[in-house]
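See structure below.
Atom set for the values below is all heavy atoms of this structure, side chains included, hydrogens, waters and symmetry mates excluded. Just so it is clear: chains get the letters A, B, ... in the order the sequence lines come, proteins before strands, and each one is counted from 1.
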2 protein chains.
Amino acid sequence: MDDLKLIRRKPRSDMVRNRERLLDAAKFVFSAGGPDASLEAVARRAGLGIGTLYRHFPTREALFEAVYRHEVEELGAYAERLKSGVAPVDALRLWLHANVELVATKKGMLAALALATHAPADLYAYSLDRLTRAVGELLQRAVDTDEIRSDISPEDLIRALVGMCHLHDQPGWQVSVLRLVDVFVDGLRIRG
Amino acid sequence: MDDLKLIRRKPRSDMVRNRERLLDAAKFVFSAGGPDASLEAVARRAGLGIGTLYRHFPTREALFEAVYRHEVEELGAYAERLKSGVAPVDALRLWLHANVELVATKKGMLAALALATHAPADLYAYSLDRLTRAVGELLQRAVDTDEIRSDISPEDLIRALVGMCHLHDQPGWQVSVLRLVDVFVDGLRIRG
DNA sequence: TGCAAAACGGAGGCAGCCTCCGTATATTCG
DNA sequence: CGAATATACGGAGGCTGCCTCCGTTTTGCA
């Protein structure tokens, strides 16, 4: 067939299956309990041993990355889409709002976004890179048209976003946070 | 002397002394390790049993409140002072900057500030109340002169502040955060 | 079918949270 | 001063969560 066969055997079926189970369980547990939820709870929900979880995902962050890879990719793609057809500043605002809404549904997303700024190097995956780049271009576009200040990095923006989403367990937080985000975007604009 | 004597005996000397020791230890441990530092470490540093710590401060938050009461009062007083002699928006900015600098020195302060928005009722102390009021007046002053928007509450402002201070362990974060704060204050302003 | 490689499970060691209660000590009063 | 008693102290103990390590099981391959 191919040379790979000579080097590696095909991945074990139970391993593939268990990985999926762990991701499903983690998605559930993190969405409900937030990023600090117990990893043993994840393993329990997956019906697997804790050792198996750690073999698949050596750190909590690695698990975040895998669980929310899809969402992060979508956010990156959305940012890319917003680059055309929408006014630069509006694009920024829309994108940030989309983030808030995603976090509202899946609490764990916060941690995944934070990864885009914490950069633990070894798991700085493609999706995170794409996200950061896309946001950077969103910012740059607005800078190029002299609409916003130029001293804010993509990381700064994401950090601010994550920060404003934090601390909000109380009901109705979403409205407040969206307002704070609007204030922030307004603050980015150069006063004409 | 007075009727109190008839009802209660004078507080035990060791109790008074130990309370001080615990506060000193907590100040040290929280400033270094942040608000999540181990309470047992606090007790150890104070040279006291963990039970003693819990008897004095039933919850972590109660300890925060006591440890940072002084700082919170100073922040409140500073806000009150800024109400005169400084332009409304500048006053806001200055006050927020002071917060960031305080948090930079004493990591635990973040948690104390967060208390001002989380309001666990039973320990919503005078100092926290004063702080919130003072910030509210700072905001109101700028609203009254039509300089900033009127839909941001003191709690919103403090939450945004705390959020932006979060997540910043990396060296040099202070500069970024101050910039984010400036952006935010700019965003509060009504565009003229 | 047998064998090696790969993956699994969970016990175990560690740390932190918080409670409970036997022991120690300060204050008060005779 | 010396009980008596209210008050505070200490830390063991039960619990949960983190993470590692290794004996056991399962899988893929020939």
| Between R141(B) and K83(B), is there a donor-acceptor pair closer than 3.5 Å when you use the side chain of the first and the backbone of the second? | yes

| request: Give the rounded distance in Å between these two atoms: CD of E61(B) and P of dC18(C). | output: 9 Å

| said: Between the side chains of R69(A) and E65(A), is the shortest nitrogen-to-carboxylate-oxygen separation below 4.0 Å, so that they form an ion pair? | reply: yes

| remark: Rounded to whole Å, the CG-P distance (L53(B) to dC17(C)) equals 10 Å

| field | Aromatic ring proximity, centroids under 6.0 angstrom, F57(A) and F64(A) | value | no

Pairs under 3.5 angstrom, nitrogen or oxygen only, protein versus nucleotides 6-12 of chain C, please.
unit_1, atom_1, unit_2, atom_2, d
dA6(C), N3, R12(A), NH1, 2.3
dA7(C), O4', R12(A), NH1, 3.3
dC8(C), OP1, N18(A), ND2, 2.6
dC8(C), OP2, R55(A), NH1, 2.3
dC8(C), OP2, H56(A), NE2, 3.3
dG9(C), OP2, G49(A), N, 3.1
dG9(C), OP2, T52(A), OG1, 2.7
dG10(C), N7, G51(A), N, 3.4

| request: Using a strict 4.0 Å threshold on nitrogen-to-oxygen distance, state whether D186(B) and R189(B) make a salt bridge. | output: yes

| said: Whether E80(B) and R130(B) form a salt bridge (side-chain N of Lys/Arg under 4.0 Å from carboxylate O of Asp/Glu) is what I want to check. | reply: yes

| Sidechain N-carboxylate O distance under 4.0 Å for D90(A), R93(A) | yes

| field | Along DNA chain C (nearest heavy atom to each residue), the more 5'-positioned of P58(B) and R17(B) | value | P58(B)

| task | Answer with base, sugar-phosphate or nothing: what part of the nucleic acid does R60(B) contact at a heavy-atom distance below 4.0 Å? | result | sugar-phosphate

| said: With a 4.0 Å limit, can you tell me whether S38(B) has a side-chain N or O closer than that to the phosphate oxygens OP1/OP2 of dC17(C)? | reply: yes

| Short side-chain N/O contact from S13(A) to OP1 or OP2 of dT26(D), under 4.0 Å | no

| said: Between P on dG16(C) and CG on D36(A), what's the gap in Å once rounded to a whole number? | reply: 17 Å

